[in-house]
Amino acid sequence: MNQAGDAVETYDLVIIGGGINGAGIARDAAGRGLSVLLCEKDDLAAHTSSASTKLIHGGLRYLEYYEFGLVRKALQEREVLLRAAPHIIWPLRFVMPHARDQRPEWMIRCGLFLYDHLARREVLPGSGTVSFADHPSGGPLKGDFKRGFIYSDGWVQDARLVVLNAMDAAEHGARILTRTPLVAAKRDGDIWRCQLRAANGELREVGARILVNAAGPWVQSLIEDKLRMPSSKSIRLVKGSHIVVKKIFDHPFAYIFQNPDKRIIFAIPYERDFTLIGTTDVEYRGDPGAVAIDDDEIRYLCEMSNRYFHSQIAPSDVLSTYSGVRPLLDDASDNASSVTRDYALELDRAGAPLMSVFGGKITTYRKLAEEVVDKLAPLLGNGKATWTADAPLPGGDMPGADFARFLQGLLQRHPWLPQALAERWARAYGTRVAKLIGQAGNLAELGAEILPGLYEAELRYLVDAEWAGASEDILWRRSKLKLHLPANAAEVIDNWLAAQTAAARKIA
Ligand SMILES: Cc1cc2nc3c(=O)[nH]c(=O)nc-3n(C[C@H](O)[C@H](O)[C@H](O)COP(=O)(O)OP(=O)(O)OC[C@H]3O[C@@H](n4cnc5c(N)ncnc54)[C@H](O)[C@@H]3O)c2cc1C
């Protein structure tokens, strides 16, 4: 019962937004025993959280903007996350070729020294120098580059990280509603009355003791348009785009290039067969949901790649692209690249509390979530301790966080699994692969092979355990199969999903 006297289903927290920040907050709060509902208007990770460069990184270049606190926080998180989800997060070595017209060598050495020492490292090796004459990363580079630097960061399957946080939240009792926008909310005594539009179009009302706005690029418009309140902070939208091309080098090192315009571009080994190149930094004023790469960005990324590699690429070589908008806290910087990547939490207590999350990075999401719940739980009389720093994410509970040993064990337990499939599943699902395989003792028992290497057992798992509801969820966010499967894959999966829905309706 609320003060208005009528009963609505009321949660401690209603979280708006199923990106990394919303999912991370839901996980942390549910694990501390709070009742949580998370609503996401599209799919989990449908927006910025599936469009990142996918680095768990301190952000070497932020040292130039004296963001030592942010870099330190992010560096500390690298090892926490590598231990929590060794299947979807792994170490990556970065090579930075050096040329005379770039940042001076002493400056880079100082930066790398700080990068190595700002936070404790156990898993990741430190930095050093490489001579391209005798290092595998030298071969693909043009002859002008003789030596460079090498350092470590982490790689993450970003959209899967969101899903794993949502799964863990649900396993701790949270309700996760995808394809359910919050259309309006207003304070009513000591609660928020939230109007949600369900996937079938029906409106429903739920109550929230605290409303959490984790709407990413929509954080400000949500306050102004859906809550009809002024926003105390502004967000600055900066578009970043990536291109995917057939692989232009064949070794496991990633490159970080410092361009003459001072921007930084990464070229990263991607999905076995490809190279991922990005990103751009372009001020953006349109609808965050409609962001897309433009021809200038494609040309820019091709030109930057061509400055460094023997293998030249043109816009016609681009096989796939993706773009996202960084929801950056507006700190009035002149230049999009220098806007702070740190986050700010804004707690409005003029009535039932509203917590809004401005900015942030994937790398620091767990810390952000912890801070949010540390601030909110006491308001609900909850004094439970923090818990996520040492807790594995679903599928990440591998002894010693040793992925290679886990994969070997998987192949020994299921010798009938083709190596490539076992590797893909182990990477995507970690120890949860056991749920997907169930009692199957051979490939036929995984159900029909709907597309090459994609069996019904996996599709069912994605629908039942991971909220997949459309082909794009499956081919692009839960996996990257879109890059590997034939062009009609989306149609085949949508037909399969429609057949499942029809069959379920018949049974009901
Ligand atoms: C190009 C690019 C590269 C990046 N690279 C990195 C990187 O390498 N490493 C790193 O750490 N960070 C990186 N980042 C930053 C990182 O991706 C973002 O900080 C992070 O994903 C933001 O997550 P979020 O949850 O705040 O936003 P989002 O992921 O956008 O989630 C917000 C969600 O809220 C939902 N929503 C909005 N309004 C409503 C509503 N009314 N009802 C219900 N749901 C709603 C949206 O649909 C959306 O899914 C990068 C960002 C970009 C753009």
Side-chain angles (χ1 to χ4, degrees), residues 14-26 37-59 61-62 70 73-74 77-78 81 89 92 153-156 158-159 161-162 165-166 176-185 194-197 211-223 225-227 235 237-242 254 256 264 266 268 276 278-282 284 287-289 291 293 297 321-329 336 341-343 356-369 372 477:
V14 167
I15 301 170
I16 308 152
I20 191 59
N21 288 329
I25 296 166
L37 180 145
L38 178 149
C39 69
E40 162 54 53
K41 68 183 171 61
D42 298 311
D43 179 28
L44 293 169
H47 298 284
T48 322
S49 297
S50 57
S52 80
T53 310
K54 310 182 200 309
L55 304 181
I56 295 296
H57 64 158
R61 75 182 182 83
Y62 309 142
L70 168 66
K73 184 161 54 183
E77 279 304 287
R78 289 187 315 189
L81 296 177
I89 303 180
L92 188 59
D153 262 325
W155 170 261
V156 60
D158 53 3
L161 183 66
V162 177
N165 274 276
I176 308 290
L177 300 177
T178 60
R179 299 184 161 85
T180 305
L182 174 121
V183 291
C194 310
Q195 300 284 331
L196 310 182
R197 187 179 305 113
L211 190 62
V212 179
N213 173 4
W218 289 268
V219 61
Q220 187 180 344
S221 64
L222 191 123
I223 298 174
D225 304 342
K226 308 279 192 253
L227 312 185
I235 207 84
L237 299 181
V238 176
K239 174 166 68 152
S241 299
H242 293 80
I256 171 169
I264 286 204
F266 294 99
I268 301 173
L276 177 68
T279 166
T280 52
D281 256 336
V282 183
Y284 186 78
D287 169 9
V291 62
I293 196 165
E297 290 176 279
T321 67
Y322 63 84
S323 301
V325 281
R326 301 176 179 86
L328 304 182
L329 185 64
R341 264 52 175 172
D342 211 347
Y343 54 79
S356 299
V357 174
F358 291 84
K361 291 166 58 65
I362 291 202
T363 308
T364 46
Y365 89 92
R366 191 202 63 82
K367 202 72 201 143
L368 178 152
V372 167
R477 286 181 286 273

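In each ligand, atom 1 is the first atom listed, and ligand 1 is the first ligand listed. Index from 1, following the sequence.
Between T53 and ligand 1, a contact under 3.5 Å exists for at least one N or O pair. Polar contact check, T48 against ligand 1: a nitrogen or oxygen pair lies under 3.5 Å apart. Where the criterion is an N or O separation shorter than 3.5 Å, residue side chain and backbone included, I362 meets it with respect to ligand 1. By the 3.5 Å distance cut-off applied to N or O atoms, L55 is counted among the residues near ligand 1. Note: an N/O pair closer than 3.5 Å links G360 and ligand 1 by distance alone. Residue G359 has no nitrogen or oxygen atom sitting less than 3.5 Å from a nitrogen or oxygen atom of ligand 1, judged on distance alone. Close N/O approach between K41 and ligand 1 is found [any backbone or side-chain N/O within under 3.5 Å].
Here H242 has side-chain heavy atoms under 4.0 Å from ligand 1, and that is the only part of it that gets that close. Residue contacts with ligand 1, taken as heavy atom pairs separated by less than 4.0 Å, involve I16 solely via side-chain atoms from C-beta onward.
Compare S49, G19, A215 by their heavy atoms: the one nearest to atom 20 (C) of ligand 1 is in S49. Closest heavy-atom approach to atom 14 (N) of ligand 1 within the set S52, G278, G24, A214: this belongs to S52. The residue among H47, E40, R179 with a heavy atom at the shortest distance from atom 33 (C) of ligand 1 is E40.
A donor-acceptor pair shorter than 3.5 Å can be found between the side chains of Y365 and N165.
Nearest protein heavy-atom contact of atom 34 (O) of ligand 1 is G17 CA, 3.2 Å. The protein heavy-atom contact nearest to atom 42 (N) of ligand 1 is L182 N, 2.9 Å. Protein heavy atom at the shortest distance from atom 2 (C) of ligand 1 is A51 O, 3.6 Å. For atom 26 (O) of ligand 1, the closest non-hydrogen atom on the protein side is N21 ND2, 3.0 Å.
By the 30° and 60° cut-offs, the orientation of the rings of F266 relative to H57 is perpendicular.
Atom CG of N213 and atom CD of Q220 lie 10.5 Å apart (nearest 0.5 Å).
Heavy-atom proximity to K54, at under 4.0 Å, picks out these atoms of ligand 1: 8 (O). Less than 4.0 angstrom separates some heavy atom of G324 from each of these atoms of ligand 1: 53 (C). Atoms of ligand 1 lying under 4.0 Å from at least one heavy atom of P181, given by number and element, are 42 (N), 43 (C).
Exactly one residue among N21, V219, I15, L329 makes a side chain to side chain contact (heavy atoms under 4.5 Å, CB included) with V357. That residue is N21. Here the rule is side chain to side chain contact (heavy atoms under 4.5 Å, CB included) with S49, and of I20, L44, D158 only I20 fits it.
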